[in-house]
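Encoded as structure tokens, the structure appears first; notes follow it.
What you see is a predicted model, and the numbers here were worked out from it, not measured in a lab. Note on naming: letters A, B, ... go to the chains in the order of the sequence lines (proteins, then strands), and numbering restarts at 1 for each one.
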Amino acid sequence: MARIDVNHIRHSYLPNPQKDSDFALKEVHHIFEDGGAYALLGPSGCGKTTLLNIISGLLHPSHGQLLFNGRDVTNLSTQERNIAQVFQFPVIYDTMTVYDNLAFPLRNRRVPETDVDRKVRETLDMIDLAGLAKKKARGLTADQKQKISLGRGLVRSDVNAILFDEPLTVIDPHMKWVLRSQLKQLHRRFGYTMVYVTHDQTEALTFADQVVVMYDGGIVQIGTPAELFERPRHTFVGYFIGSPGMNVLPVALEGKTAKLGAQRIELPGVPKAEAGAVELGIRPEYVRLGREGMAVQVSKVEDVGRHKVVRANLEGKEIAAVIGEDDEVPAEPKVRFDPAGINIYADSWRVEMGA
Amino acid sequence: MDKTWNNKAWFLVLPVLVLVAFSAVIPLMTVVNYSVQDTFGNNVFFWAGTEWFEELLHSDRFWEAMVRNLIFSFIILAIEVPLGIFIALNMPKKGWGVPVCLVLMALTVIIPWNVVGTIWQVFGRNDIGLLGYYVNALGIDYNYVQDPFDAWVTVIIMDVWHWTSLVVLLCYAGLVSIPDAFYQAAKIDGASRWAVFRYIQLPKMQRVLLIAVLLRFMDSFMIYTEPFVVTGGGPGNSTTFLSIDLVKTALGQFDLGPAAAMSLVYFLIILLLSWVFYTVMTNYDAER
Ligand SMILES: Nc1ncnc2c1ncn2[C@@H]1O[C@H](COP(=O)(O)OP(=O)(O)OP(=O)(O)O)[C@@H](O)[C@H]1O
Ligand SMILES: [Mg+2]
């Protein structure tokens, strides 16, 4: 197990990158602590796989350094880095049995056969494929195959880190849940450093202690699920996390108040914003719908189970509010923003608010 | 869904049936007809029964040609298949090298058979041929016209030169269909180069390899033009393969009966071997 330092890493797939937009990873500088469970969350194409492949050594970064426990491994091969990685789509060795598939990474490293047997049986139990051990892998279903891929990632106990690249995409929802809790258990038992790529926020929030949100080739925020929810550092994080995402409204600042059209909104403090496009972000959970505050026109009410989402129009801007399952929308609806949930953004980045 | 039965649809396949009848069935029946009769010319035929077949199966000449042909096919496969795999593995997977290699590989395959024969016939001559002359100049006694061994070497090298690229192209098609993720997973799993070949590349090439083996076997078993042009079946009978022997019998000696019997036996052998290959291939598919 290892602490992984990603040291100012930039990567481009082009031979001669010039502009910033030529880089698939703009600049990533981050430390994955030894034994941490991290989720890498971000939209398609933001560079999650690229970052994982750089950590595992499948890609060599154009710039920057990678350290394992302080040792520079940038130029080491995948094999020398001793990393396990599970890919999005199943990779199995067709002609081998399920058992041999799992034994393969161990046998390649000349692990004694008695240890191989013990580890493989343990892993087979964990992924619930013990009954198929003797079967040829090619006849299996897609999710059984993916479990084998997962198993090959988990079978080695001495790895520096285990990287998962959206490993549960092809697995059905119930099994997904079971496997994810097994991964968590495994993490608690053995303290592996785990990095788990996903673009499903619930998956990220349930799996990880720390969620790393990526956007357009860079890391925009790292934090616990609660931090990401309460204090999104970038409006993108606000949109991306939460369902529905954060309301982001263009405002003009005036000391401790924000002006939205004809409305004036009290802020919890004076934002330290310099010139630039200023926006106010507030999660639907902090928008109070009632009989006082700013007048809105309700356009739609969606019942999503445990609560309702109200879509409304405030000063010509779409906003969403969350109300309880049994709450009704009043006849002349008005909204108030809970000051605890207000964040101010200048050029999309969050600014602190002074007293 | 209900199927609509309409027997008029048979008329649509009629043209094909007529074509096949004229191009294959009727000639084949003529051959069958010849094989059971004897003639002394003037279109006078006598019933001969199974005489030609018995004679054929007891003829040393036929069995010798057969053994020669099997050995030839075996050598061809033993060289072309591993060599083809080796070249395919080393061909570039992307970049400008891909079209260049593909064109180079396709080049020999599209040269007409008799031209290939002529090229090597000249190439190997030790008076004016580039190869023959220099090999002799190096002090190696090489003469495919007189030495049976040299004749075999020439015919085999010619076939390898001509047809290995077919195996290469087929294997290459199998190789490029392997997603990158497999090679990445193999790296993560610490697989050696050999393990990658054995567990990823070979299984993916298995199907195309079966086709390659089938095609190369059939072709080499029916080989006629190239050795005929280069060696004419000689020296002596040393490179007389089945089809050369057949043509000698049918056209050289005009023994229509024995030649027809031989054609049929030849045809049955190829049919049998194709059936074996087909069964192996479909069983393999069913197993998946
Ligand atoms: N082999 C490659 N060659 C060239 N460009 C690539 C290659 N792989 C990825 N890219 C580009 O790099 C960027 C980042 O891709 P990456 O695969 O890391 O994204 P991702 O976050 O993993 O997305 P997804 O969620 O779809 O898997 C994308 O713009 C992609 O088009
Ligand atoms: Mg990806």
Side-chain angles (χ1 to χ4, degrees), chain A residues 15 49 52-53 55-59 76-97 100-111 135-140 145-146 148-156 158-167, chain B residues 81-82 85-86 88-89 92-100 170-213 277 279-288:
Chain A
T49 302
L52 278 205
N53 288 351
I55 295 176
S56 62
L58 295 173
L59 279 178
L76 293 190
S77 70
T78 302
Q79 190 157 2
E80 292 165 307
R81 293 187 196 190
N82 198 17
I83 287 246
Q85 185 171 0
V86 180
F87 301 93
Q88 181 168 6
F89 294 102
V91 176
I92 53 152
Y93 304 107
D94 264 352
T95 50
M96 295 188 205
T97 61
D100 290 336
N101 258 278
L102 295 191
F104 191 58
L106 299 173
R107 288 179 178 152
N108 285 333
R109 292 182 168 78
R110 318 227 176 288
V111 174
K135 228 173 120 61
K136 275 256 168 17
R138 70 156 65 106
L140 303 182
K145 287 182 181 176
Q146 184 62 354
I148 296 177
S149 300
L150 201 59
R152 277 207 321 274
L154 302 174
V155 78
R156 288 149 58 198
D158 61 335
V159 289
N160 280 321
I162 309 183
L163 312 177
F164 301 93
D165 195 350
E166 311 193 35
Chain B
V81 170
I85 293 176
F86 178 79
L89 286 175
K93 298 281 172 315
K94 45 172 148 326
W96 56 267
V98 176
V100 172
L170 283 167
C171 289
Y172 187 73
L175 282 176
V176 293
S177 74
I178 301 176
D180 260 356
F182 279 80
Y183 295 113
Q184 297 185 335
K187 274 193 197 161
I188 298 283
D189 292 338
S192 62
R193 183 71 195 82
W194 165 251
V196 169
F197 174 70
R198 173 68 188 77
Y199 297 112
I200 297 176
Q201 293 171 325
L202 198 57
K204 280 278 188 253
M205 281 192 292
Q206 210 162 340
R207 293 167 55 104
V208 281
L209 266 181
L210 267 166
I211 295 171
V213 168
F277 271 110
T279 317
V280 169
M281 267 157 72
T282 40
N283 276 355
Y284 170 79
D285 269 350
E287 197 193 310
R288 291 186 68 110

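Looking at residues two or more places apart in sequence or on another chain, you find no side chain to side chain donor-acceptor pair (under 3.5 Å) involving S149(A).
R156(A) touches chain B through its side chain: at least one heavy atom from C-beta onward sits under 4.5 Å away, while N, CA, C and O do not. At a 4.5 Å heavy-atom cutoff, L106(A) makes no contact with chain B through either its backbone or its side chain. For N53(A), the part sitting under 4.5 Å from any heavy atom of chain B is the side chain, from C-beta outward, and nothing else.
Scanning both residues, V86(A) and P167(A), for their nearest heavy atoms gives CG1-CB, 3.9 Å. Residues D158(A) and N82(A) come closest through the heavy atom pair O-ND2, 3.2 Å. The heavy-atom pair separating Q201(B) from L89(B) by the smallest distance is OE1-CD2, 3.4 Å.
Listed by first then second residue, pairs satisfying salt bridge (charged side-chain N to carboxylate O under 4.0 Å, His left out) with a partner in residues 100-109 of chain A read D100(A)-R107(A), R107(A)-E113(A), not counting sequence neighbours.
Between the side chain of D94(A) and the backbone N or O of R138(A), no donor-acceptor pair lies under 3.5 Å.
Close approach to chain A, defined as a heavy atom under 4.5 Å from one of its heavy atoms, is seen in A185(B), A186(B), K187(B), I188(B), D189(B), G190(B), A191(B) of residues 185-194 of chain B, taken by number.
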Which donor-acceptor pairs under 3.5 Å do side chains of residues 171-179 of chain B form with protein atoms, sequence neighbours excluded?
from	atom 1	to	atom 2	distance (Å)
Y172(B)	OH	P92(B)	O	2.7
S177(B)	OG	G174(B)	O	2.7

